[in-house]
2 protein chains.
Amino acid sequence: MANRKAVLSTSNVRREAVVLSAMTVFAANGYLGTPVTDVAKRAKISTAYVFKLFPSKQELFVAALERCFEVILAALAKGAEESADQAPEPILFAMGGAYAALIADRKLLLLQIHAQSAAGVPEIAKAFRRGLASVVNFVKVRSNASDESVQRFIAYGQLCHLITTTGLDADTSSWASILTTGVRHV
Amino acid sequence: MANRKAVLSTSNVRREAVVLSAMTVFAANGYLGTPVTDVAKRAKISTAYVFKLFPSKQELFVAALERCFEVILAALAKGAEESADQAPEPILFAMGGAYAALIADRKLLLLQIHAQSAAGVPEIAKAFRRGLASVVNFVKVRSNASDESVQRFIAYGQLCHLITTTGLDADTSSWASILTTGVRHV
DNA sequence: CGGGTGCGTGATTGATTACTCACTGTCAAG
DNA sequence: CTTGACAGTGAGTAATCAATCACGCACCCG
């Protein structure tokens with residue numbers, strides 16, 4: 001059009017950009033709270049083309065959620081790798097630190113929260129379960145910790161989500177401190 | 001006009017019915033996923049009148065959320081009362097059982113999940129924090145348990161939410177069992 | 001009786017939004 | 001150069017929904 005050298009991209013490159021935009025925007029406003037137009041704007045393409053790349057908003061959200069869990073798994077793997085000690089509990093501790101560092105920007109965490117809330121949509125619920133399963137399995141296998149320890153790992157991870165979504169980390173009142181003390185969430 | 005009756009006036013009766021309907025319907029479909037019309041239908045009144053009783057959808061949701069936490073507090077109090085032993089840990093255990101029993105129908109739990117997801121709306125975030133604060137404070141004061149124990153109580157409560165929203169209690173796969181074993185969620 | 005006060009509603013409105021369609025522009029192979 | 005496949009879009013459409021408005025109806029006090 002106006003641009004003489006309008007280089008066409010491959011659809012896969014665009015798809016990637018759209019998924020990344022979707023992660024950010026859905027994380028900020030949730031599934032129902034985010035118009036596809038917002039995703040398109042952030043990816044700097046037209047809304048119509050987003051629908052060419054992803055047949056529906058739902059499938060776009062699922063793609064973003066799946067990517068979210070991929071990133072989390074990678075971070076856990078990296079954290080485990082960097083653990084000095086290879087005993088179960090130290091590995092779990094290292095993974096916890098890696099996760100805490102990862103969710104510093106709130107994006108991956110909020111996407112999970114919104115996915116949970118949107119679990120009324122069967123495809124979203126399934127994707128969330130798949131992601132959770134992969135995390136639990138990975139943590140269990142990689143750390144070789146007891147079931148109880150893995151359960152505790154996830155439980156305190158959920159507590160970390162609660163702390164972050166409600167902004168308790170910036171709260172110094174006594175009740176907030178009860179929840180936040182000792183929990184690494186940067 | 002000075003005083004009609006010592007008992008609730010008609011509009012307050014309606015307001016009460018609307019709040020109860022709102023709890024159920026918002027729990028089922030979330031804040032953005034629920035039209036006010038659905039609340040009205042369930043309360044068997046017109047949509048217009050719902051807006052006379054509550055000035056906006058947002059305030060209606062907040063009212064439902066506040067009621068949710070009131071019910072939870074009452075259940076925790078009752079659970080603590082029924083504890084045979086008055087030492088901190090037994091009281092916590094009794095409260096956990098009471099909470100698990102309470103959320104058997106998923107309504108109060110789902111409302112919390114949806115509130116967390118809708119915390120982008122400042123008034124909803126504030127209400128959620130108030131509710132959480134009241135729970136934490138009550139648990140701490142009533143049980144007289146250590147901060148660490150209270151923190152663990154909440155963390156495993158959040159795990160319980162995760163289990164229920166994803167339907168893990170009906171899942172017998174090994175990864176699901178890691179999360180569910182020993183968690184009371186009926 | 002008359003009239004005021006508060007309960008209650010059907011119809012509407014204006015904004016938003018998921019998704020579609022008809023279309024233009026690009027590029028590489030033959 | 002032509003062709004055809006693919007990248008990309010502006011302009012819709014049909015549906016949904018928060019919120020309002022104009023209006024009745026029941027009851028009660030004087």
Side-chain angles (χ1 to χ4, degrees), chain A residues 1-22 25-26 28-65 114 117-118 120-124, chain B residues 1-22 25-26 28-65 114 117-118 120-124:
Chain A
M1 302 185 349
N3 196 345
R4 298 184 54 210
K5 186 105 193 236
V7 176
L8 291 186
S9 175
T10 72
S11 68
N12 281 343
V13 170
R14 292 299 207 185
R15 213 183 302 267
E16 173 71 13
V18 170
V19 168
L20 294 180
S21 300
V25 182
F26 278 130
N29 295 100
Y31 177 58
L32 292 173
T34 308
V36 176
T37 301
D38 285 4
V39 178
K41 275 203 197 93
R42 180 162 239 276
K44 295 196 167 78
I45 63 177
S46 70
T47 308
Y49 195 40
V50 172
F51 277 104
K52 283 243 167 90
L53 296 172
F54 295 89
S56 70
K57 181 183 180 180
Q58 181 202 113
E59 296 189 46
L60 174 57
F61 186 85
V62 167
L65 186 58
H114 291 310
S117 176
V121 180
E123 273 307 317
I124 294 179
Chain B
M1 109 131 125
N3 48 5
R4 303 166 59 78
K5 264 198 172 176
V7 291
L8 295 179
S9 74
T10 305
S11 80
N12 281 340
V13 168
R14 293 297 210 187
R15 215 183 301 268
E16 173 71 12
V18 170
V19 168
L20 294 181
S21 300
V25 182
F26 279 131
N29 294 100
Y31 177 57
L32 292 174
T34 308
V36 177
T37 301
D38 284 5
V39 178
K41 275 204 195 94
R42 181 162 235 277
K44 295 199 168 79
I45 64 176
S46 71
T47 307
Y49 195 40
V50 171
F51 278 103
K52 283 244 166 90
L53 297 171
F54 296 88
S56 70
K57 181 183 181 180
Q58 181 202 114
E59 296 189 45
L60 174 57
F61 186 86
V62 167
L65 185 59
H114 290 311
S117 176
V121 180
E123 272 307 317
I124 294 178

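Letters A, B, ... mirror the listed sequences (proteins, then strands); counts begin at 1.
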Item checked: Residues forming a side-chain contact (heavy atoms from CB on, under 4.5 Å) with B:Leu32, sequence neighbours excluded -> A:Leu32

Checklist line | Positions of residues 28-45 of chain B (non-hydrogen atom under 4.0 Å from DNA chain C), listed by number | finding: B:Ile45

Check: Axis-to-axis angle across the helix from C:dC1-D:dG30 to C:dG30-D:dC1, five pairs an end, to 10 degrees?
Finding: 20°

Item checked: Under 4.0 angstrom between B:Ser11 side-chain N/O and C:dC7 OP1 or OP2 -> yes

Next item on the list: List the atom of A:Arg42, the atom of A:Val25, and the distance in Å for their closest heavy-atom pair.
Entry: CD-CG2, 3.4 Å

Check: Taking atom P of C:dC19 as reference, at what distance in whole Å does atom CG of A:Leu60 sit?
Finding: 10 Å

Check: Between A:Lys52 (side chain) and A:Ser11 (backbone), is there a donor-acceptor pair under 3.5 Å?
Finding: no

Check: What heavy-atom pair brings B:Val39 and B:Val18 nearest, and what distance separates the two atoms?
Finding: CG1-O, 3.9 Å

Identify all pairs in which a protein N or O lies below 3.5 Å from an N or O of nucleotides 20-23 of chain D, and state each distance.
none

Item checked: Minimum heavy-atom distance A:Ala43-A:Ala17, with the two atoms named -> CB-O, 4.3 Å

Check: If you take all heavy atoms of A:Leu65 and A:Ile124, which pair is closest and at what distance?
Finding: CD2-O, 4.1 Å

Notebook entry, point to check: Within this structure, what is the CZ-to-C1' distance between B:Phe61 and D:dA19, rounded to whole angstrom?
Noted result: 19 Å

Next item on the list: Report the distance from atom CZ of A:Arg14 to atom CG of A:Leu53, rounding to the nearest 0.5 Å.
Entry: 8.5 Å

Item checked: Contacts of A:Lys41 that satisfy side-chain contact (heavy atoms from CB on, under 4.5 Å) - sequence neighbours left out -> A:Thr37, A:Asp38

Checklist line | N or O in side chain of A:Arg14 less than 4.0 angstrom from D:dA7 OP1/OP2 | finding: no

Check: Out of curiosity, B:Arg15 CZ to B:Leu60 CG, how far, rounded to the nearest 0.5 Å?
Finding: 11.0 Å

Next item on the list: Grab the NZ-P distance between A:Lys57 and C:dT16 for me, whole Å please.
Entry: 15 Å

Margin query: Rounded to whole Å, please give me the gap between CZ in B:Phe26 and P in D:dC17.
Written below: 12 Å

Check: Taking only residues two or more places apart in sequence, or in another chain, which ones meet A:Phe61 in a ring pair (Phe, Tyr, Trp, His ring centres under 6.0 Å)?
Finding: A:Phe26, A:Tyr31

Notebook entry, point to check: For A:Tyr49 and D:dT9, what is the distance between atoms OH and C1' respectively, to the nearest whole Å?
Noted result: 11 Å

